[in-house]
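Notes follow the structure.
Computed from a prediction, not measured in an experiment: that's the story for all the values here. Here is the naming used below: chain letters follow the sequence lines, and residue numbers restart at 1 for every chain.
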Amino acid sequence: MKKFDFSRIEKKWQEVWEKEGIYRTPSPSKDKPKMYTLVMFPYPSGAGLHTGHVRVYTGGDVLARFFRMKGYAVLNPMGWDAFGLPAENRAIKEKTTPQKIVPKNIANFKRQMKMLGFSYDWEREFSTTDPEYYRFTQWLFIQFFKMGLLYKREMPVYFCPSCKTGLAEEEVLENGTHERCGKPIIRKLLPQWLFKITDYAESLLETLPPLDWPEGIKKMQENWIGKSEGTEVKFQIPNPKLQTREIKVFTTRVDTVFGVTALVLAPEHPLVSEILNPKSKILTEEKRVEIKKYVEEAKKKLDLVRTDLSKEKTGVFTGLYAKHPLTGEKIPIWIADYVLGFYGEGAVMLVPAHDERDFEFAKKYGIPIKVVIVPEESAKRKAQSAKLEEAFVEYGVLVNSGEFSGLRSKEAIEKITKYLEERSLGRRKTQYKLRDWIFSRQRYWGEPIPMVYCSSCAEKKISFWDLKEGKEWLREIEHNMPEVYKNISRRIKEVKEDLYGWFPLKDEQLPLKLPEVEKYEPTGTGESPLAALKDWVETKCPVCGGKAKRETDTMPNWAGSCWYFLRFAQSSKFKVKSSKLEEVWQSEMKNLRVWMPVDWYLGGAEHAVLHLLYSRFWMHALYDLGLVPVREPFFRLRNVGMVLAEDGRKMSKSLGNVINPDDVVAEFGADSLRVYEMFMAPFDQEIAWSTAALRGVSRFLNRVWQTFNSSDNLTERQEEEDKEAVAKLHKTIDKVSRYITDVKFNTAIAAMMEFLNFWTEKNASEKPRRLHVDDAKKFLQILAPFAPFLTEEIWREVFKEKTSIHLSSWPSIKKEFLKEEVITIPVQINGRLRATLRVSADELEEERVVEKALSLDKVKKYISDRPYKVVYVKGKILNFVVQS
RNA sequence: GCCGCGGUGGCGGAAUUGGUAGACGCGCAGGAUUCAGGAUCCUGUCCCCGCAAUGCGGGGGUGUGGGUUCGAGUCCCACCCGCGGCACCA
């Protein structure tokens with residue numbers, strides 16, 4: 001018998017499928033509902049696809065193929081996320097350009113994807129680096145700008161002296177090194193574009209619960225946004241020499257406010273800079289130097305590797321006092337680096353008795369510890385003022401708290417907040433951990449930010465919204481979307497000052513192409529390489545016609561991935577003839593309405609927060625502007641687990657344990673690789689590579705091939721068909737259908753293996769089991785999403801089918817085959833299995849089953865004459881509870 | 001420290017969600033075929049014990065200890081271990 005020659009066959013079908021265009025996206029209709037399956041698109045690196053890519057893309061492909069056969073109009077696209085540092089760094093190293101590297105990498109990725117038989121609609125392919133694509137990335141940026149969601153501000157950003165580039169905080173590892181190059185980073189003050197993502201914190205939180213995402217991922221997003229409700233309390237500083245009149249603190253435990261024995265400021269707090277100014281003359285020179293030294297140390301510390309030793313809290317007393325808003329007591333003001341400058345107000349009230357960190361700090365510096373909360377039980381006795389061994393951080397009953405003494409914590413929080421609000425000493429406040437998103441990069445290989453800066457307009461304090469164009473835009477929003485307008489105009493007030501002189505490009509000027517340059521290495525000054533291109537940078541101000549400069553920063557990698565799923569859903573022949581991009585976008589709304597949201601989104605859990613949060617944010621904002629039909633981009637999310645090397649470690653070149661898909665396909669074929677990666681473990685679980693297990697899968701596929709190529713197990717005559725095999729087949733179809741949509745690919749394959757074993761076993765009379773060819777084909781069909789090449793070969797070459805198996809309809813199940821005719825009922829005595837009973841499916845009544853069971857010798861033996869109780873779950877189990 | 005996920009044979013894992021624990025695959029052992037095999041096929045394979053031993057019977061068993069239940073891998077309580085994330089968030 002001929003062996004399965006996979007390399008010849010795979011090549012043949014790749015070509016045929018392409019020619020026949022079987023994976024082109026059909027138009028959905030009433031009978032053909034839409035199904036948008038998407039896998040996180042890859043960064044086309046020079047190394048080509050790795051086994052992890054194969055895993056997640058195969059998973060997506062199985063779903064797409066399954067839904068296609070189920071009669072859905074499937075959109076299953078693929079593209080490339082090709083801007084960003086790796087290509088740029090590689091180009092620098094190899095003395096070439098990213099423009100030359102990227103297409104090569106893409107071509108290699110695409111070759112490998114075709115080799116693996118992924119059923120993408122290649123007509124929708126694009127790269128984020130295509131000017132036709134980033135023209136709209138830039139246009140979207142401008143929409144966000146107009147909405148007041150962007151502002152420019154000097155920010156202390158992380159900077160990698162080795163890569164000579166500014167970094168987002170997310171690119172810095174815990175140990176203070178750059179995630180790409182591993183070198184230590186420093187901090188540098190640079191003007192940055194920031195996204196006001198914090199303005200959407202509530203919105204992003206609100207729509208999270210109904211999403212069909214892994215609960216863990218949802219929780220991580222929730223924690224990242226980090227909402228907490230509490231009270232802002234004002235402490236006045238009765239010191240006429242100071243400009244700062246008050247210190248605001250945020251607390252979730254205002255019930256402990258009577259226990260405040262100090263205020264602690266972050267080194268970044270405005271009051272700190274004020275008193276450090278030699279001109280202010282608030283402090284003695286000695287004190288000023290002491291504090292200055294501490295603050296500088298603390299700021300450096302942020303940049304240093306955080307060690308366990310640095311965990312001990314340090315601080316310095318300023319010599320200044322604030323007034324307690326409720327008791328009027330003098331409260332000393334300290335500075336300590338454990339208070340963060342960017343969270344809350346950059347200051348906390350120190351309540352040593354009821355916060356562990358405060359307790360530790362107070363002990364160290366001899367600050368008084370005042371108990372104001374006691375456990376409810378001890379409140380009933382007498383408030384004991386015994387020395388605290390540790391902070392009492394739970395809720396309890398207030399003591400030593402003036403008129404609020406005796407209240408329970410929760411009630412006290414309400415009452416004290418109200419009291420403070422009435423006297424303008426505080427207010428209810430919701431605080432988020434989420435911070436605004438630094439969106440500009442001082443790098444070459446990214447989308448140019450389509451903004452122009454005119455210094456003379458800036459001096460005249462002209463902003464975009466002061467122009468006729470800006471006013472008209474706002475008026476239209478106000479007219480059409482009054483609610484949205486409220487938010488936009490509030491934000492504009494907040495950001496306007498930072499944006500005098502900044503004007504967006506006109507639609508017809510887009511795309512603002514990334515100029516080809518000779519030297520695109522980072523400048524080292526922190527500026528983007530684009531800053532060196534005089535001709536490009538210098539331009540005319542669209543407002544006054546004078547000299548103006550282009551923004552030379554580019555967008556981060558995230559920009560392209562924040563809306564690529566929209567682009568796939570828009571028409572594939574998306575050629576922009578009109579320069580009116582708004583019209584072009586609006587004309588595509590019908591397609592977005594058809595396809596969005598993504599029904600199935602697969603990708604690694606490492607994107608749990610950033611990519612998913614950023615794209616959700618863009619969608620929420622675009623929804624407010626009426627530019628997308630839904631708020632949430634991804635209805636259903638499933639994670640894929642990593643593929644580790646055979647030794648259980650990460651695959652890496654330096655360890656020499658990398659498995660290359662090209663090699664595996666050459667030796668075992670694409671189907672074997674696909675089925676193996678789906679079979680090894682649940683999809684979301686990590687797996688270690690095992691070539692031995694891959695052989696097992698390969699053996700299974702070979703047995704499928706042999707079975708369909710021999711006459712032993714097939715028949716054209718209905719009467720020769722093995723009834724048991726048919727019943728088993730239908731059960732298998734049922735299982736596989738359910739397992740696929742449960743993303744339990746491993747058990748789907750196990751079920752098919754089990755079926756093949758049964759089918760090729762001899763029956764009770766030692767004869768081979770035969771299936772009618774029409775039924776045998778059904779088995780091929782359920783295997784087709786996993787092993788597209790092998791099944792197509794048999795479908796068309798053995799069975800001479802004219803059209804692809806992948807366009808065939810998923811086999812339907814006959815319910816009567818799902819029923820067991822004879823059921824095995826376990827018989828237990830006192831919960832221990834003692835026997836099994838084979839009962840026909842129409843004799844499941846308790847009376848009959850018990851009678852039968854009692855006739856079993858084993859059961860008799862255990863019961864003998866003792867009284868018993870019967871627990872019977874129909875068709876499931878029988879348990880005799882016997883007294884001993 | 002906090003949050004999330006997990007702990008089942010020699011290994012990867014299965015278990016209809018409270019109802020026969022170990023499906024399927026790997027590995028291993030024995031056999032067939034072969035000049036040969038790291039190819040293919042068949043048989044066996046959770047551990048321990050007993051017997052009139054190719055069979056039959058008994059006991060133990062899902063990280064540990066307790067609990068609920070006729071019945072627990074699954075539910076509850078306490079603890080141990082591993083992985084991932086966040087890390088002074090007031």
Do the side chains of A:Asp742 and A:Lys744 get close enough for a salt bridge, i.e. N-O under 4.0 angstrom? no

For a stem of at least 3 consecutive Watson-Crick or G-U pairs with distances under 3.5 Å, i pairing with j, i+1 with j-1 and so on, which stems involve RNA chain B? B:1-7 with B:80-86, B:10-12 with B:24-26, B:27-32 with B:40-45, B:46-51 with B:55-60, B:63-67 with B:75-79

For atom CG of A:Asn709 and atom P of B:rU40, their distance in whole Å: 17 Å

Provide, to the nearest angstrom, the distance between the CD atom belonging to A:Glu846 and the C1' atom belonging to B:rC70. 13 Å

Charged N-O contact under 4.0 Å between A:Glu222 and A:Lys227: no

When you check every protein heavy atom under 4.0 Å of nucleotides 10-19 of chain B, what one-letter string (B, S, -) results, 5' to 3'? --BSSS---B

Rounded to whole Å, please give me the gap between CG in A:Leu833 and P in B:rG22. 10 Å

Roughly how far apart, to the nearest Å, are B:rU64 and B:rU69 at atom P? 23 Å

Just checking A:Tyr676 against A:Trp689, ring centres under 6.0 Å apart? yes

Cationic N near anionic O, under 4.0 Å, A:Lys874 to A:Glu846: no

Expressed in whole Å, how much space separates the P atoms belonging to B:rU68 and B:rA15? 29 Å

Residue whose nearest RNA chain B nucleotide is more 5′ - A:Thr760 or A:Glu345: A:Thr760

Using atom C1' of each nucleotide, how far apart are B:rG10 and B:rA29 to the nearest Å? 13 Å

A:Glu356 CD - B:rA87 C1' separation (whole Å): 15 Å

Can a salt bridge be assigned to the pair A:Arg253 and A:Asp355 using a cut-off of 4.0 Å between side-chain N and carboxylate O? no

If you measure from the Lys or Arg side-chain nitrogens to the Asp or Glu carboxylate oxygens, is any gap between A:Arg428 and A:Glu414 under 4.0 Å? yes

I'd like the P distance from B:rG19 over to B:rC28, given in whole Å. 36 Å

Is A:Arg55 salt-bridged to A:Glu677, cutoff N-O under 4.0 Å? no

Report yes if a side-chain nitrogen or oxygen of A:Lys219 is closer than 4.0 Å to either non-bridging phosphate oxygen (OP1 or OP2) of B:rG4; otherwise report no. yes

Under 4.0 angstrom between A:Arg695 side-chain N/O and B:rC26 OP1 or OP2: no

Using the closest heavy atom to pick a nucleotide of RNA chain B for each, name whichever of A:Thr251 or A:Glu761 lands nearer the 5' end. A:Glu761

Check whether A:Phe755 forms a cation-pi arrangement with A:Lys728 (NZ or CZ under 6.0 Å from the six-membered ring centre, at most 45° off the ring normal). no

Residues A:Lys429, A:Glu232: salt bridge by 4.0 Å N-O rule: yes

At under 4.0 Å between heavy atoms, which parts of nucleotides 54-61 of chain B does protein reach? Answer with one letter per nucleotide, 5' to 3': B base, S sugar-phosphate only, - none. ---SSSS-

Indicate yes or no: does A:Lys363 engage A:Glu360 in a salt bridge with an N to O separation below 4.0 Å. no

Does NZ or CZ of A:Arg674 lie under 6.0 Å from the centre of the six-membered ring of A:Phe786, at an angle within 45° of the ring axis? no

